[in-house]
Amino acid sequence: MTTTQSDLELWPIGNCQVSGLIDSRGGLVWGCVPRVDGDPAFCALLNGDAQDAGVWRFELEGQVATRQEYIRNTPNLVTTLEAGDGSAVEILDFCPRFERSGRMYRPVAYARIVRPVRGNPRIRVILRPMKNYGASLAETTNGTNHIRYLMPDQALRLSTDAPVGYLMADRTFRIEQDTHFFLGPDEPFVGNLREEVRHMEQMTRKYWQLWVRSLATPFEWQEEVIRCAITLKLCQHEETGAIVAALTTSIPEAANSERNWDYRYCWMRDSYYTVQALNRLGALDVLEKYLGFLRNIVDDAKSKGGQIQPLYSVMGIAELDELTAPYLSGYRGMGPVRRGNAAYKQVQHDVYGQIVLPTVQGFIDKRLLRLADDRDFEALEQVGEMAWKLHDTPDAGLWEFRTRQEVHTYTAVMCWAACDRLATTAGLLGKAERERLWRERADTIRATIEENAWHENGEESHYGASFQTPYLDASLLQLLELRFISANDERFRQTFTMVERDLRRGEHMLRYAAEDDFGAPETAFNICTFWLIEGLAMMGREEEARELFETMLDHRTGSGLLSEDMDFETGELWGNFPQTYSLVGVINCAGLLSKSWGSVR
C-alpha cells in the first residue's frame, strides 16, 4: 500500500465540466463526476494513508524522480517519471475542451497519454475509482479494449490501447510506444483511439492558447496572471455559468482544526470577485455565462420574497444539507470530510450588492453578446430593494459566523454599493426618477455607516467590523475597492493603520484576531494579505507592496497556485485548493503594481 502523505502540491486539469487534481507523483488524486460537486471517484487526497484507492496512477518501476510542467498557456499537464536506470516516461494529462459541430465539446472525461522517452520503462497502472464518497471501490466489467467502472450515477468507461489484462491484474509491463487512456462516458469509443485522443489534445491545447491570447494581461507577472486566469476559468461550471469557490472539500484551514468545509459550490461573494478579476483581463466569456446563472437565481428568489442565499449548487439548487462522509478519513487523516455546506441557511445581506455590481456591466458594455434591457433593470431593482431593506439588519457576515449575528460594516457597504451602482446605471439609461431614488438611498446608507461603524477613540479611532463592536477585520480594507472611501481620507488612513497593527503577522494577514466559533484563527487568510498589498500601494507604500507581493508569489505551489490559508509561521498552505479568492488576489495585485505596457513599447 502506498502511504505517502497528501500535500497541496497539486496541478489542476479540467474542461469546465469536470476537473481533476494531479499530485506531484503524477497521480489523479481528486476528481468528481459528473461535475465538480459530484461523487469524488478519485478521492485519495482525502483518504488518509489509503493512497492506493480512489486514485489513477502510473507507477514506474524503479522510479526516483518526477518533473512537472504545464504546456504553455494551457491546463494540459506533462509529468515526467524517471527511474534509477535512466528509463523515463511522460504522462500527458488533459480534459478535452474544444468546439465541435457548433457546440463546445467538454465531456465527463479524463484523457492520459503515456510516452516512453528513454530506456526500457516498465509501468503499473493503478486505476481504482471509488463510489459513494469512498464507501467502496467501483465494481468493474471489461471487454477486449475497455474496462467499465460502475459508479452510482453513471458508469465510466476506460478505452485504451494498453493491454487490458495487465491493467485488470495490476501487472507491471514494458511500455514501448505511446499508450492512450480515455476515461469517459459509458459508450463505445468512436474512431481510432490513438488518432482521436491525440486530436483531442491538440484541439484542447489550441482552444486554451487562443483563449489566453485574448487576455489583457499586465506587463509584469504575465505567466503568474495567466495561470491564475486559466484556473479561475476551470472553476466555472459552463453548463450553468456558476463559479465554485474551490475544486475541493474539507482541506482543513489549519492542522486538526476541524475547520473543514465543502467549497464546491457557488458563493455570490466569491463569484463576484472572480468575474471582477477576469473582467480586468477582458475575459468576458466567464462574465456572460455567470450573468445567466444570476438571472436564474434572481428569478427563483421571487417565490421567496426576494431573499437570496449566500451560495447555491452549480445547478442552482438551494438545499445543500451539510453531511459527513464517514468512509473518508480526511486530508492527512484530519477529518471530518464534509459534503454540502450549512452556510446556505445563513443570512448574509452582502449578497445583494454582489449580484448588482457584476450585473450592471450587462447594461453598459457594448462588447457583450447579450445587452441587458429594461426588464433586466426592473429585476435588478428588486435585488436593490432587498439591499435597501436589509442594509442595517444583523447577518452572519462575510466570514460566515455560525453562532452570532451583527450588523457588519462590510455588509452595509455592499448594500450601499448596490444602491450606488443602481443610481449610476439608471442615469446612464436615462431613468432620472430612478436615479434620484437610488442616489437618495445610497446617501442614506452612507450616513448610517458613518454614524454607526465609526468608533471614536482618539488617535485609535477607526471603522469597526460591525456597528455593535469596535473589533477589526480585514474586510475593512475593501472600503477602497468598493469606492466607499478614498485612500487619502483620514478616516480610512486611521482604519488602515489599526487593521495593519492588529491583524498583520509579518508577511501575512489574518481575517480577524478575535475568537470565533472554533477558537482563535491559527492561519492567515491569503486574500486578506492581497488586500493589504493593495492598501499599501494605494497609501503610497508601493515599494513595500511590491516586496510583499513577490513574497506571496514565492509561496505558490509548483503549479503556480494558492489555497485559501497559510501558516503565518511556517508558510505551509492550508485550506481548499485552488482557492478562487487567492487567485483573484494575484491578478488584482499584479494589475495594480505592474509597470505599464507603455513603458516598454
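This structure is a prediction, so every number in the text was calculated from the model and none was measured. All heavy atoms count here, side chains included; hydrogens, waters and symmetry mates do not.
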Considering all heavy atoms, the nearest [X]-[Y] contact:
| X | Y | value |
| --- | --- | --- |
| P129 | M151 | CB-SD, 4.5 Å |
| R72 | Q209 | O-NE2, 2.9 Å |
| S599 | S596 | OG-O, 2.6 Å |
| A83 | L60 | N-CD2, 3.5 Å |
| Y581 | D270 | CE1-OD2, 3.6 Å |
| T74 | I230 | N-CD1, 3.7 Å |

Do any N or O atoms from the side chain of [X] and from the backbone of [Y] form a donor-acceptor pair under 3.5 angstrom?
| X | Y | result |
| --- | --- | --- |
| N132 | A135 | no |
| E59 | I126 | no |
| N260 | P336 | yes |
| D39 | A41 | no |
| N15 | V18 | yes |
| R112 | F58 | no |
| N73 | V212 | no |
| Q354 | Y272 | no |
| R128 | D52 | yes |
| S214 | W211 | yes |

Tell me, please, which residues at least two apart from [X] pass ring pair (Phe, Tyr, Trp, His ring centres under 6.0 Å).
| X | result |
| --- | --- |
| Y149 | none |
| W261 | F518 |
| Y327 | none |

Checking [Y] against [X]: is there a side-chain donor and acceptor pair closer than 3.5 Å?
| X | Y | answer |
| --- | --- | --- |
| S87 | N120 | no |
| Y265 | D262 | yes |
| Q63 | T66 | yes |
| W11 | Q68 | yes |
| N192 | E196 | no |
| N279 | Q361 | yes |
| Y263 | Q579 | no |
| N142 | R148 | no |

Decide, yes or no, whether a salt bridge links [X] with [Y] under the criterion of side-chain N to carboxylate O below 4.0 Å.
| X | Y | result |
| --- | --- | --- |
| D321 | R339 | no |
| K131 | E139 | yes |
| D23 | R57 | yes |
| E90 | R118 | no |
| E99 | R103 | no |
| R35 | D37 | yes |

Do other residues, nucleotides or ligands put more than 12 heavy atoms under 6.0 Å from R171 CZ?
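Count not over threshold, so no.
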Looking at E550, I'd like to know if its CD atom is crowded, meaning that more than 12 non-hydrogen atoms belonging to other residues, nucleotides or ligands lie closer than 6.0 Å.
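Result for CD/E550: enclosed.
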With a distance cut-off below 6.0 Å to the six-membered ring centre and an angular limit of 45° from the axis, does R100 pair with Y105 as a cation-pi contact?
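Yes, a cation-pi geometry holds between R100 and Y105.
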Answer yes or no on whether R227 is positioned over the face of W208, meaning its NZ or CZ is under 6.0 Å from the six-membered ring centre and within 45° of the axis.
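No, a cation-pi geometry is absent between R227 and W208.
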Centroid separation under 6.0 Å, is that true for the rings of [Y] and [X]?
| X | Y | result |
| --- | --- | --- |
| F219 | W597 | yes |
| W221 | F549 | yes |
| W56 | Y110 | no |
| Y166 | F173 | yes |

Step by step, would you call Y344 with Y312 a ring pair (Phe, Tyr, Trp, His ring centres under 6.0 Å)?
CA-CA 7 Å; Y344 85 90; Y312 296 84; 9.0 Å; no
Could you please spell out the steps behind the side-chain contact (heavy atoms from CB on, under 4.5 Å) verdict for C266 and V244?
CA-CA 4 Å; C266 181; V244 297; 5.5 Å; no
Run the numbers on V164 and H146 for side-chain contact (heavy atoms from CB on, under 4.5 Å), then give the verdict.
CA-CA 7 Å; V164 168; H146 74 268; 6.0 Å; no
Run the side-chain contact (heavy atoms from CB on, under 4.5 Å) check on V55 and Q51 step by step: do they pass?
CA-CA 7 Å; V55 69; Q51 292 292 292; over 6 Å; no
